A.B. asks: 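What follows is a structure written as structure tokens; I'll ask about it next.
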Amino acid sequence: MTHYLQFGDLDADTYAYLFERAALLKHKFKAYEKHHPLADRTLAMIFEKASTRTRVSFEAGMYQLGGSVVHLTTGDSQWGRAEPIEDSARVISRMVDLVMIRTYEQAKLERFAAHSRVPVINGLTNEFHPCQILADIFTFIERRGSIRGKTVAWVGDGNNMANTWLQAAALLGFTVHVSTPRGYEIDAKLVAGAGKTCAESYKFHSDPRAACEGADLVTTDVWTSMGYEAENEAREKAFAHWCVDAEMMAAAKPDALFMHCLPAHRGQEVHADVIDGPQSVVWDEAENRMHVQKALMEYLLLGRMA
């Protein structure tokens, strides 16, 4: 049994399969072809953090695969009360075939997975967001081909997205140029623990425009992630120069793409003329969450499909 708790849980060969499979499943979706390999299978979705794209993409994706979904939050389950996570895992995993969890600490996810009888998927934690980067790379491949040897510019907070981009770079052979304000850097210990080559796969730039120079992809995220709302005022001041604008995009390659995992705040982390401009692929990126997650769920439950 395989869990998907961070990007490094799978190898490059498996990712090549998942990207190919996601393309096929997307084609079937667009052609209105039924594809129900997960008939009679059930996905439990547990949300400690609010969600739009994660819920819709997993729920719609599971239905498209012929399965069913159970939706739980901290308000309507024992997850938010006194029951130990280990006990919740033992019970829930006896009743469903797959579990997706969107929570705060990665440690909670790992505790659940350690006591689960079925595969567990990380729908987002404070430390990692592997399903989003899976979708982002698939979107890049759709538009530009292989990401190997390419350069990704990360402008903004050294958060779960940045951490996961570094894992992906180490596995798939590309480079990340990271630019964050002082005090919001990537956690070096977390990066070191995620894989021995992660630290070799990125370069830090204090100037965000310099990070974008020659990039094939420029990407960012909100300045204040969920759980850090108390820091919002301080973050707005610290991140004032880390707003992706036309000048940063001009520093990247002429055919560079722009991505954002959404929701976006125009005028903060990105200018409207960038996210709504011709280089932006954020809407394809958002849809592709569903297609790559379908490929992932199918793989975790059935293995490689012919």
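These numbers were taken from a predicted model, which means no experiment stands behind them.
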A.B. asks: Run the side chain to side chain contact (heavy atoms under 4.5 Å, CB included) check on V70 and M45 step by step: do they pass?
C.D. replies: CA-CA 6 Å; V70 176; M45 303 191 303; over 6 Å; no
A.B. asks: Salt bridge (Lys or Arg N to Asp or Glu O under 4.0 Å) between E213 and R209: does it pass, once the steps are laid out?
C.D. replies: CA-CA 7 Å; E213 288 183 3; R209 187 185 182 282; 3.3 Å; yes
A.B. asks: When rounded to the nearest 0.5 angstrom, what is the spacing between OG1 in T224 and CD in E229?
C.D. replies: 7.5 Å
A.B. asks: Could you tell me whether a side-chain N or O of D13 sits under 3.5 Å from a main-chain N or O of A16, the two making a donor and an acceptor?
C.D. replies: no
A.B. asks: Would D255 and R143 pass as an ion pair if we require N to O under 4.0 Å?
C.D. replies: no
A.B. asks: For R304, look at atom CZ and say whether over 12 heavy atoms of other residues, nucleotides or ligands are found less than 6.0 Å away.
C.D. replies: yes
A.B. asks: Donor-acceptor pair, distance only, cut-off 3.5 Å: does the side chain of Q167 make one with the backbone of F7?
C.D. replies: yes
A.B. asks: For S116, does its backbone N or O pair with a side-chain atom of S93 as donor and acceptor, under 3.5 Å?
C.D. replies: no
A.B. asks: Please indicate whether H36 has more than 12 foreign heavy atoms, meaning atoms of other residues, nucleotides or ligands, lying under 6.0 Å from its NE2.
C.D. replies: yes
A.B. asks: Should we say atom CD of E231 is surrounded by more than 12 heavy atoms from elsewhere, each under 6.0 Å from it?
C.D. replies: yes
A.B. asks: Nearest 0.5 Å, please: how far is CG in L300 from CG in L10?
C.D. replies: 7.0 Å
A.B. asks: With side chain to side chain contact (heavy atoms under 4.5 Å, CB included) as the test, would you mind laying out the steps for F29 and Q64 before giving the verdict?
C.D. replies: CA-CA 8 Å; F29 172 77; Q64 289 168 26; 3.3 Å; yes
A.B. asks: For G158 and T180, which heavy atoms make the closest approach, and how far apart are they?
C.D. replies: N-CG2, 3.7 Å
A.B. asks: Is it true that R111 and E86 make a salt bridge, defined as a side-chain N closer than 4.0 Å to a carboxylate O?
C.D. replies: yes
A.B. asks: Is there a donor-acceptor pair under 3.5 Å between the side chain of S179 and the backbone N or O of H205?
C.D. replies: yes
A.B. asks: With a 4.0 Å cut-off, would you call K294 and E298 a salt bridge?
C.D. replies: no
A.B. asks: Using side-chain contact (heavy atoms from CB on, under 4.5 Å) as the criterion, point out the one residue from M161, R289, R53 that pairs with C261.
C.D. replies: M161
A.B. asks: Got a salt bridge between E287 and K30, using NZ or NE/NH1/NH2 to carboxylate O under 4.0 Å?
C.D. replies: yes
A.B. asks: Side-chain donor-acceptor pair under 3.5 Å between S57 and Q293, yes or no?
C.D. replies: yes
A.B. asks: Mind checking whether W283 and V270 sit in one hydrophobic cluster, side chains of I, L, V, M, F, W, Y counted as touching below 4.5 Å?
C.D. replies: yes
A.B. asks: Can you label the angle between the F19 ring and the F138 ring as parallel, tilted or perpendicular, going by 30° and 60°?
C.D. replies: parallel
A.B. asks: Give a yes or no on whether M290 and Y299 share a hydrophobic cluster (residues Ile, Leu, Val, Met, Phe, Trp, Tyr; joining criterion: side-chain heavy atoms under 4.5 Å apart).
C.D. replies: no
A.B. asks: Using every non-hydrogen atom in the two residues, find where T42 and V96 come nearest and quote the distance to one decimal.
C.D. replies: O-CB, 3.6 Å
A.B. asks: Would you say M249 ends up clustered with V176 if hydrophobic residues are merged whenever their side chains have heavy atoms under 4.5 Å apart, either directly or through other cluster members?
C.D. replies: no
A.B. asks: Which pairs with one or both residues in residues 240-268 pass ring-ring contact (aromatic ring centres under 6.0 Å, His included), sequence neighbours excluded?
C.D. replies: none
A.B. asks: Indicate if I137 and L262 have the same hydrophobic cluster label, given that clusters are the connected sets of ILVMFWY residues with side-chain heavy-atom separations under 4.5 angstrom.
C.D. replies: no
A.B. asks: Would you check if there is a donor-acceptor pair between the side chains of N126 and K108 at a distance under 3.5 Å?
C.D. replies: no
A.B. asks: Out of L98, T2, L296, D97, which one pairs with P119 under the side-chain contact (heavy atoms from CB on, under 4.5 Å) rule?
C.D. replies: L98
A.B. asks: With a 4.0 Å cut-off on N to O distance, would you call D273 and R266 a salt bridge?
C.D. replies: no
A.B. asks: Which atoms form the tightest heavy-atom contact between V292 and C131, and what is the distance?
C.D. replies: CG2-O, 4.2 Å
A.B. asks: Would you check if V178 and I186 make a side-chain contact, meaning some heavy-atom pair closer than 4.5 Å?
C.D. replies: yes
A.B. asks: Does E127 offer a backbone N or O that forms a donor-acceptor pair with the side chain of N163 under 3.5 Å?
C.D. replies: yes
A.B. asks: Quick check, are the ring centers of H177 and Y202 under 6.0 angstrom apart?
C.D. replies: no
A.B. asks: Indicate the atoms forming the closest heavy-atom contact of N122 with L5, along with that distance.
C.D. replies: ND2-O, 2.9 Å
A.B. asks: Are more than 12 heavy atoms, taken from residues, nucleotides or ligands other than N232, located less than 6.0 Å from that residue's CG atom?
C.D. replies: yes
A.B. asks: Between Y184 and A238, is there a donor-acceptor pair closer than 3.5 Å when you use the side chain of the first and the backbone of the second?
C.D. replies: no
A.B. asks: Look at atom CD of E233 and say whether more than 12 heavy atoms of other residues, nucleotides or ligands are closer to it than 6.0 Å.
C.D. replies: no
A.B. asks: With sequence neighbours excluded, what pairs up with A252 under the side chain to side chain contact (heavy atoms under 4.5 Å, CB included) test?
C.D. replies: A215, V218, A256
